[in-house]
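Lettering of chains follows the sequences in order, A, B, ..., and the numbering in each one begins at 1.
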Protein chains: 6
Amino acid sequence: MTSPRSDGRTPDQLRPVTFARGWSENAEGSVLVEFGKTRVLCTASFTEGVPRWKKGSGEGWVTAEYAMLPRATNSRSQRESVKGKIGGRTHEISRLIGRSLRAVVDVTALGENTIVLDCDVLQADGGTRTAAITGAYVALVDAVAWGARHGHVKGGKQVLTDSVAAVSVGIIDGVPMLDLPYVEDVRAETDMNVVTTGSGSFVEVQGTAEGVPFHRSELDALLDLATAGTAELTALQQAALAQEL
Amino acid sequence: MTSPRSDGRTPDQLRPVTFARGWSENAEGSVLVEFGKTRVLCTASFTEGVPRWKKGSGEGWVTAEYAMLPRATNSRSQRESVKGKIGGRTHEISRLIGRSLRAVVDVTALGENTIVLDCDVLQADGGTRTAAITGAYVALVDAVAWGARHGHVKGGKQVLTDSVAAVSVGIIDGVPMLDLPYVEDVRAETDMNVVTTGSGSFVEVQGTAEGVPFHRSELDALLDLATAGTAELTALQQAALAQEL
Amino acid sequence: MTSPRSDGRTPDQLRPVTFARGWSENAEGSVLVEFGKTRVLCTASFTEGVPRWKKGSGEGWVTAEYAMLPRATNSRSQRESVKGKIGGRTHEISRLIGRSLRAVVDVTALGENTIVLDCDVLQADGGTRTAAITGAYVALVDAVAWGARHGHVKGGKQVLTDSVAAVSVGIIDGVPMLDLPYVEDVRAETDMNVVTTGSGSFVEVQGTAEGVPFHRSELDALLDLATAGTAELTALQQAALAQEL
Amino acid sequence: MTSPRSDGRTPDQLRPVTFARGWSENAEGSVLVEFGKTRVLCTASFTEGVPRWKKGSGEGWVTAEYAMLPRATNSRSQRESVKGKIGGRTHEISRLIGRSLRAVVDVTALGENTIVLDCDVLQADGGTRTAAITGAYVALVDAVAWGARHGHVKGGKQVLTDSVAAVSVGIIDGVPMLDLPYVEDVRAETDMNVVTTGSGSFVEVQGTAEGVPFHRSELDALLDLATAGTAELTALQQAALAQEL
Amino acid sequence: MTSPRSDGRTPDQLRPVTFARGWSENAEGSVLVEFGKTRVLCTASFTEGVPRWKKGSGEGWVTAEYAMLPRATNSRSQRESVKGKIGGRTHEISRLIGRSLRAVVDVTALGENTIVLDCDVLQADGGTRTAAITGAYVALVDAVAWGARHGHVKGGKQVLTDSVAAVSVGIIDGVPMLDLPYVEDVRAETDMNVVTTGSGSFVEVQGTAEGVPFHRSELDALLDLATAGTAELTALQQAALAQEL
Amino acid sequence: MTSPRSDGRTPDQLRPVTFARGWSENAEGSVLVEFGKTRVLCTASFTEGVPRWKKGSGEGWVTAEYAMLPRATNSRSQRESVKGKIGGRTHEISRLIGRSLRAVVDVTALGENTIVLDCDVLQADGGTRTAAITGAYVALVDAVAWGARHGHVKGGKQVLTDSVAAVSVGIIDGVPMLDLPYVEDVRAETDMNVVTTGSGSFVEVQGTAEGVPFHRSELDALLDLATAGTAELTALQQAALAQEL
């Protein structure tokens, strides 16, 4: 029997996922993450100090910015710097990435330091936000380690309380499927992005009916599929982080 | 036994909800919706024709813009027109409202007409985006009726395939609660906005762990609470729409 | 004999004017003012401290921002936040409102406190700027009282040295008329906005020949009409402020 | 007896006024106008065609833009192009100049042509907006003549129905004075800009109480002074225009 | 004898240069070019049609946009999309790249097609603009070939009349040196970017005295060094383009 | 034999050059410089103190801003303040002027003072950037003298280490020519701007092939022509500065 998916995967199978740690020499943490043809460069910039509104709080700050190169997609899009403003989609994804990572950061343990995660999509083929979150976590681990090595982060307490990974799921022709590339994404009746911790709890659940509204049973099936997927991504993150940088 | 809620409601109880239809004389549809002290003016502007990229498609276009008056909140915030750009939160909510309403619109039946839903928060006390969606649906119904009355919408097919309503739910001190005002919203460990159709299917599910990540069982309890809440809002929408304008 | 005005008023008659004080719970002063169908929400935000360039001066600061909801008018206009800049008309009216209110404020008696008047037009039917000034004065009184009650304004000296009210006048078919609604405004040959104090002096006089330039005798007639109108508005403000909030 | 004015003028005396026509070779009309040390370069750009929203109306369009060089004033101000937005004052003056000139233009006689008046203040010493209006009229005359000479403006009807001139007046130490330089302007209790036609009617009257509100008798005195001043400016415009270009 | 350069090169030696063609699957031409640690992703987007102002001219259009990822450099810089405007340096380099490529394009042979070169610096270590030009040429060749293969470019005439390559040179401690990395660039007394064609003519010469002004003899020495460097780069481009894609 | 130039000059001849020092009364230094019909107002604003990032360095700061009035050119261009952003060409020229002047300023001798050079093109006929640099130097000299006279600049060391002047050169029909007006500029095959010091060294060399790339011999001929031209401009600057202000 043939696969219902153009790339021959089973419905519950991830695309090939790779993490190239240390891809950028300048950043305190960096990884080029690939989910199939989706390719995102995640850099983590560690700086001492926090924004003015957090000064004296004893707490650190973690934030994220997502962007896409103009020709990451199939047809070229105008640069947001040229337009002079950031689009709604970009804002929304940047906020999602930031929230997802902050969910596993103990800001008190981080101390008054700032980590900015830049997730720049070099090539887009669906699932760029979930690849960005999954890759940004790996870059974040390396940046926290850098901070510890250079004495900016005091020991005693773990800065990262858990790991975080994300995946997209969707229903296509009635079949729930994991990790959608672009060709599947545009056909999905329902599209969901799920962010979980390594220990299996939910950080974010964002489901949208693209065509017809979805039933509770479909929602349940998608959640099952997604949690299995993020569990697998968690294992891949750990494997990547186990290697010598 | 006393209520765990400052306003004396039970955990599964909505705040008082009112719809003042026809609040603005200029718009083709308008409603001042109140969820407790949250007060949103929703206007629906019907215009013939569609944006350039939809011309000749035979399809209509429905979009939404959300904004907050500077002193809708407890402390004054700077106008986005003064800042010169729209913030991420505003963009995200505008997109959510637009998607939610489009889920119940048959754009072919609408024909090449445009309806813009403006949701301006006059007073904010939590749940502004869910009040906006719930009110905007009522304004949309009136605008579609206006279009039909004036011959811009051809009969034969229903433009609105269902109704749509939204509510917020959250977990506070371990208890799932419905329709959070501001004081509860800031204390919630998990915050979820759920948009459903009148027939009970999901249009959007957006859950965020504010403090600690949440388990599947908590997610399930929140979904149960939310669907009961939106069913109640659906009935209130129908009652409001049953009245003579 | 029939009235020359579509709404049956005599040339020297105001539209029905109402002030709903305390319309917004969050602001230190607020009023929903109505001049016929023109409806403006005026909020006064009182904050301790002044902008940097006034620090140490011992003086307070009062400023205003005027805006219109996109569907306040008969056809929807684009949001200035979406355009990314504030239009000339908006700027000009904001500046006029600010100047008008500052004319009756003793900034030394106010002390180093700031009051921002936000005037948001919810429904527009001519005379929005004059309604805004007239309503903003009422919100200002309440905000100053709030500041006094909370000990931010030291007693001894009156913060408000007088009251302020504004009205539009114009010449239509050769007849000077008071308080023009939109249908009259577009037909007026000459359009004038007059701001006076409660004691009858002028704060602002802005007359513009829309069609043909006007003679000194016409200017004089318009000034007479306007000062009678603002005297009446002053009485209405006092009546509104005499009520318990 | 000595003059109450620092430059020795009597209260009803204009500063030396000059018009250097044809100052810029590129523009269809141009004049460097000086009111004492205030120096404004007014250029009139004549182009065939009108903005989209006037196409097919048979009417022309006249508009104006006012700006100040960063070091026109005593201390350098930041360029509006660098700030990325135009300030309220600039907008307001641009609109005033445009309205004032349109008051003497028969747009039907102009035909579907556009004239843009650029008024750039090279040196500011009070009264820049009134100098700009007075100079822009002269540049406008030359641009209309250019349009007629080149066959873009059909004869038969006069494009310019009258002339227009403007002057500032103010009350200083209780004395009404004409044409205020900067040192007087900052001391004025009341500040008024008056725009009249050559035939003596009013186009704009803008009076503002800078310090204390003003009485009707003061308003009357200022209007008398201003109309005498603009009559004198009208004569100077005619003299300048009588010369060979 | 030891090298005066930190990386051991002789003064007239290039850094290791590589071209990874086809790095991005979506673009019609793409190359990841490396000059030592400087890494620039150049994509060429081929689209039919030209901007409005070139329509009907029979000529094509080639333009370029240069940008830097926020963490391409040693310390993170703010995104230009977040600032809302493009900096002077970015503009200047984008214009230089566009001019350099247009110098070898026969726009008539290209026909009414547009090619946009996006040069995004992923890692910066000096010479990013010269690497961008050198890489963009390679991407341009592939995009032109794509246009020919797909019938958008008519044969008969060569679209590319020559090749183009660029290199930086500078004087450090009195010694002219080729292809400066960041550590050398900041120390250079004079900095020059030279763009030449494959046939050895100059397209651009941009020399700047960073410290003390330079003499004609120094200018001559730098030009000699640069032309030898670009000749070498030309050979490397040809070798990269000789390979099967 | 007739001249190849429309204005009758020999190829190596400058246009008539004049410097009107003290043209603006408000600025610490100002000059209206003319290169033929090109007319640039250069003002130098001297202020005590430096930008934040230079505080405590003991060094001063010199920067420049270039702009063009909308009708300086033959057809009107939109104001950059109206567009809301500064174009690439404007940025590039502002940066060039700033760098050129800083090349002759000893920032330590200047002390913690700032000088901003504003170069506003009132009429453009080619060579606006070179006229701006040449004129700005004269304004700079006067501003430095003002700073010394008012005790802001301590004596002992020369603030200005040399003078600076600039000229354009180009090849037209194979003939190298000096100081190109607009009609020549658009025809030039190669266009070069050269900035030199009074002592004859190079500050900037910017050559661009407009049509066909240029050979080394052509580059050499242009450099010879330019250095003779800037030597002549240096003499004219000295003559202008020798006069009593």
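- The number of heavy-atom neighbours closer than 6.0 Å to CD of Gln158(B), taken from other residues, nucleotides and ligands shown, is 12 or below.
- Looking only at side-chain heavy atoms (C-beta outward), Trp23(B) and Val31(B) stay at 4.5 Å or farther from each other.
- A salt bridge does not link Asp120(B) with Arg39(B): every distance from a Lys NZ or Arg NE/NH1/NH2 to an Asp or Glu carboxylate oxygen is 4.0 Å or more.
- When heavy atoms are compared at a cutoff of 4.5 Å, Ser75(C) does not approach chain B at all.
- In this structure, Trp61(B) and Trp53(B) have perpendicular ring planes: the angle between them is above 60°, well past the 30° mark.
- With respect to chain C, the highest number of heavy-atom pairs below 4.5 Å among Ala67(B), Ser30(B), Pro70(B) belongs to Pro70(B).
- Looking at Lys37(C), the atoms closer than 4.5 Å to chain B (heavy atoms on both sides) all sit in the side chain, from C-beta outward.
- Between chain C and the options Leu41(B), Val116(B), Asp125(B), the largest number of non-hydrogen pairs under 4.5 Å is found for Val116(B).
- Heavy atoms of Thr43(C) lying under 4.5 Å from chain B belong exclusively to its side chain.
- Between atom CZ of residue Arg129(C) and atom SG of residue Cys119(C) there is a gap of 12.5 Å, rounded to the nearest 0.5 Å.
- At a 4.5 Å heavy-atom cutoff, the contact between Val82(C) and chain B is made by backbone and side-chain atoms alike.
- Chain B forms more heavy-atom pairs under 4.5 Å with one residue of Ile86(C), Thr90(C), Asn74(C), Asp118(C) than with any other, namely Asp118(C).
- A 6.0 Å sphere centred on CZ of Arg149(B) holds more than 12 heavy atoms belonging to other residues, nucleotides or ligands.
- Of all the listed residues (Gln123(C), Lys85(C), Arg71(C), Lys83(C)), the one sharing the greatest number of non-hydrogen pairs under 4.5 Å with chain B is Arg71(C).
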